[in-house]
Structures are given as structure tokens and as C-alpha cells.
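A quick write-up on the structure given underneath.
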Amino acid sequence: MGKKTTIALTVGAAGVAAWAASKVVSKQVPREPKTALEFNETVVLAAHGGSVETPENTMAAFSKSAETGVHGFAIDIRLTKDEEIIVFQDEMTDRTTDFSGKVADYTWEELNRADAGYMFQDQDGAYAYRGKGEKILRLQELLAAFPHLLFVITIKDSPDTYEGSLMPSKLWRLLETTGDQDRVAVTSPFDEQTDRFNLYAQNKVAIGAGNDEQMKAYTSFTSQFGHLYKPNADLFCLSNKKGVFSLRTEAFIQFLKGLNIKVYYKGVNDTERAAKLMSAGASGFITDNPSAMMKLVQSAEQ
């Protein structure tokens, strides 16, 4: 046996020994159950209230989706110039309203004058909601309007911005005041934001995985050391892929579910894809077309 072969075998044996030792000393600890995420059926959340038939993030959208029987909403939040938390996806106001410029440059009183249905076009190309009185919503009024539904709340402001630096504490104080800790999950693409929020919440609120946490979980899953993964989130809101990696495999879903992590898939608007994900074990869907998804889920569970 040559020297290189001997070295390779030695290194390989050491790797196997390290893996075996880690299996002995490390025990996976599932996340503690969170009331907000405990459902007996597949969950359907309307993204931004639903944007196929109504303008996103408006009371018209949330009300129409609620009528279909959805379990809740997936929403984005941002902070205004005077530090009000509003339900709004973009950094800029231009795409959906008759205003122009950054959300953070306006006070709530100013944004309350915007037409939130101004840019919405229906399937015939008509601006059916212009001048219909649809307003930008504050988070507290939306929570109050639908007290029985789940909200998955995404902090969109970057932690590097002034607004982002304030949002975790502002959000916690609002939820503490309204008493809605047990029916929301807080997430962000920026793991720093959920980490900072949880410093205030102290695990009283369900936490969603940010970009780094998702990749950490996937890397652990695809390695031989998945048993070493210690999750920092209760919910994964996933797309089909993260870069070149597929995140919709049944094995990955089951890996997360074994840690008591709920797995919701974003951007699910066609029933064929949704049915496949349901079969793979997905806990829920975030969709622009809640009426179609509710029909699928209800028929599947009859």
C-alpha cells in the first residue's frame, strides 16, 4: 500500500470517527411549538392580501381574500418618516400609488392621502380601483380588522437604514400593546432583523428564517452533519430555489418538519404545483391567488 493511499485511508477513517462521535454527543432539539403556527390543515396565506383581483395591501384585497376562508396573510412592513409601521412592500411608492419617492420620506399623515389602488389594472387592463378610496394601511389597523387570522410579517427595511434599525423594537412594542404575539410570525430576508426582534420578544413570537438561516439549514441537510443543525427559526418561507439549489424536495421538507419547523412555499399560484408540494409535506402556501388555492386545499382534505 502506497504512502498516499495510507494517508487517504487515515484521513477518511478520522472523518468517519468524527462523524460517529458527533452523532453520539449531539442530539437534535426540535423547536418549541408556537401557537400561531399550529394548524390541522394545509395553510393558505394571501400574499399582500392577494393581488390577482384587487390592488395589493389594500382593505379591498384583504377583505376579499378573507371571504375565501384563507388562514391569514403574508405581509411586508415598512416604517414612515414619523415612525409609523405601515403595510407596504416596496421601498418606493411609485409602483402601486399615485405618489412618487421613498416611503421613508413621507409621514403617515402624508401617505394617508395616497391612492393605494391607483396603479392596479384588472384583467381587462382597466384601472378599476382608481379613486375608490383605497388607502395605505397601518399594521395595527389591519391586525384589528382580522383578529382571528394568522399574519406572517416580513420586515423589509434593511438593518443598515435608520428605519430598519428602529423596526424590531417598534414592532415588538406594537405586538405587545395589541396582544397579538400568538397569531403572528415575524420574518425578514435579513437574519439580523429577526435576531434583534427576538431579543425583545424572547421566543414569545414565532420567528421565520432569513436568507442565512435557510442556507445554513440546507447546507446541513445536504452534508453528513445534519444532526448538528440547531435551528433559530420556527418557520421557513421558501421559494423553489436558493441560487442553484432546489428547496422543494420532500427530503428537505421532512428534515425541517422533524425539527418542528413549518414549511411554507412562496409564489404558489397554480394548483398543479401546489398539489405536488402538498404531497411532499409542505405546511402551507403563500399565494397571489387565494381563492384557487383554498379550493384545492379544501377539496384535498375532504
Side-chain angles (χ1 to χ4, degrees), residues 18-40 42-43 45 71-72 74 76 150-156 159 167-168 171-172 175 181-268 277-278 280-286:
W19 175 84
S22 71
K23 292 283 282 188
V24 172
V25 300
S26 178
K27 182 179 180 181
Q28 282 190 314
V29 180
R31 296 286 291 183
E32 290 292 325
K34 292 295 192 299
T35 302
L37 302 177
E38 293 302 304
F39 288 89
N40 295 321
T42 305
V43 172
L45 301 180
H71 302 85
D76 300 324
L150 166 67
F151 283 81
V152 174
I153 301 171
T154 299
I155 299 174
K156 291 300 291 286
M167 183 63 89
L171 177 57
W172 167 246
L175 295 176
Q181 301 99 317
D182 287 339
R183 68 181 186 102
V184 304
V186 174
T187 188
S188 176
F190 310 102
D191 293 71
E192 182 181 338
Q193 293 292 60
T194 48
D195 289 344
R196 291 176 58 224
F197 172 82
N198 203 34
L199 287 175
Y200 301 100
Q202 291 294 300
N203 295 315
K204 296 174 185 174
V205 176
I207 298 296
N211 292 335
D212 291 344
E213 180 72 15
Q214 289 183 14
M215 283 310 301
K216 183 172 73 171
Y218 188 78
T219 302
S220 298
F221 161 70
T222 55
S223 73
Q224 296 299 313
F225 292 89
H227 56 283
L228 296 178
Y229 173 61
K230 292 180 172 57
N232 291 317
D234 307 288
L235 171 67
F236 275 49
C237 296
L238 299 175
S239 303
N240 269 346
K241 290 184 176 182
K242 180 73 68 175
V244 298
F245 304 109
S246 174
L247 300 180
R248 60 178 180 178
T249 65
E250 182 174 355
F252 185 48
I253 293 173
Q254 295 306 318
F255 170 75
L256 294 174
K257 291 181 75 172
L259 293 165
N260 198 30
I261 296 170
K262 308 301 181 182
V263 184
Y264 293 176
Y265 279 88
K266 300 184 292 185
V268 181
L277 289 169
M278 284 177 66
S283 306
F285 305 116
I286 297 173

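Values below: all heavy atoms of this structure, side chains included; hydrogens, waters and symmetry mates excluded.
Every side-chain hydrogen bond (donor to acceptor under 3.5 Å, both in side chains) that Thr42 has, sequence neighbours left out, goes to Glu301. Partners of Arg196 by salt bridge (Lys or Arg N to Asp or Glu O under 4.0 Å), not counting sequence neighbours: none found. A search for side-chain hydrogen bond (donor to acceptor under 3.5 Å, both in side chains) contacts involving Asp191 returns nothing, not counting sequence neighbours. Not counting sequence neighbours, the partners of Asn203 by the side-chain hydrogen bond (donor to acceptor under 3.5 Å, both in side chains) test are Asn198. In this structure Lys156 satisfies the side-chain hydrogen bond (donor to acceptor under 3.5 Å, both in side chains) test with no other residue, sequence neighbours excluded. For Phe190, there are no ring-ring contact (aromatic ring centres under 6.0 Å, His included) partners two or more places apart in sequence or in a different chain.
Nearest heavy atoms, Lys204 versus Trp172: CD-CH2, 4.1 Å. Annotation for Ala233 and Gly208: closest pair CB-C, 3.8 Å, computed over non-hydrogen atoms. The heavy-atom pair separating Thr219 from Thr222 by the smallest distance is O-OG1, 3.2 Å. The shortest non-hydrogen separation linking Ala280 to Gln254 is O-NE2, 3.3 Å. Pairing each heavy atom of Pro189 with each of Ile155, the nearest pair is CD-O, 3.7 Å.
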TODO: Go through the steps for Phe221 and Tyr229 under the test side chain to side chain contact (heavy atoms under 4.5 Å, CB included), then give the verdict.
DONE: CA-CA 8 Å; Phe221 161 70; Tyr229 173 61; over 6 Å; no

Open item on the list: Before you tell me yes or no, could you show the steps for Leu150 and Val184 under side chain to side chain contact (heavy atoms under 4.5 Å, CB included), namely the whole-Å CA-CA distance, both residues' side-chain angles and the distance that decides it to 0.1 Å?
Closed with: CA-CA 6 Å; Leu150 166 67; Val184 304; 5.7 Å; no

TODO: Just do the ring pair (Phe, Tyr, Trp, His ring centres under 6.0 Å) check on Phe285 and Tyr265 with the steps written out, would you?
DONE: CA-CA 5 Å; Phe285 305 116; Tyr265 279 88; 7.6 Å; no

- [ ] I would like to know whether Lys266 and Leu238 meet side chain to side chain contact (heavy atoms under 4.5 Å, CB included); could you show each step before the answer?
- [x] CA-CA 6 Å; Lys266 300 184 292 185; Leu238 299 175; over 6 Å; no

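At a threshold of 4.5 Å between non-hydrogen side-chain atoms, the residues Lys216 and Asn232 count as touching. When side chains are defined from C-beta on, Val152 counts as touching Thr187, because their heavy atoms get closer than 4.5 Å. Using a 4.5 Å heavy-atom cutoff, the side chains of Glu192 and Phe197 are not in contact. At a threshold of 4.5 Å between non-hydrogen side-chain atoms, the residues Ile286 and Cys237 count as touching.
Atoms OG1 and CG, on Thr194 and Leu199 in that order, are 10.0 Å from each other to the nearest 0.5 Å. Atom CD1 of Ile153 sits about 10.5 Å away from atom CG of Asp76, to the nearest 0.5 Å. To the nearest 0.5 Å, atoms CD (Gln214) and CG (Leu256) are separated by 9.0 Å. Distance check, rounded to the nearest 0.5 Å: OH of Tyr264 to CG of Leu37 gives 5.0 Å. Here the straight-line distance linking atom CD1 of Ile207 with atom CG of Asp195 works out to 8.5 Å at 0.5 Å rounding. The line from CG of Leu277 to CD of Glu250 is 11.0 Å long, rounded to the nearest 0.5 Å.
When each of Leu235, Thr154, Asp234, Leu171 is checked for a side chain to side chain contact (heavy atoms under 4.5 Å, CB included) with Val186, only Leu171 meets the rule.
Panel note: side chain Ser283, backbone Lys262; no donor-acceptor pair is recorded below 3.5 Å. Side-chain atoms of Asn260 never come within 3.5 Å of backbone atoms of Pro30 as a donor-acceptor pair (strictly under, hydrogens ignored). Although no hydrogens or angles enter the test, the distance criterion places a donor-acceptor pair under 3.5 Å between the side chain of Lys257 and the main chain of Gly281.
By the neighbour-count criterion of 12 heavy atoms within 6.0 Å, atom CD of Glu38 is densely surrounded, having more than that number from other residues, nucleotides or ligands.
Phe252 and Tyr218 have their aromatic ring centers within a separation under 6.0 angstrom.
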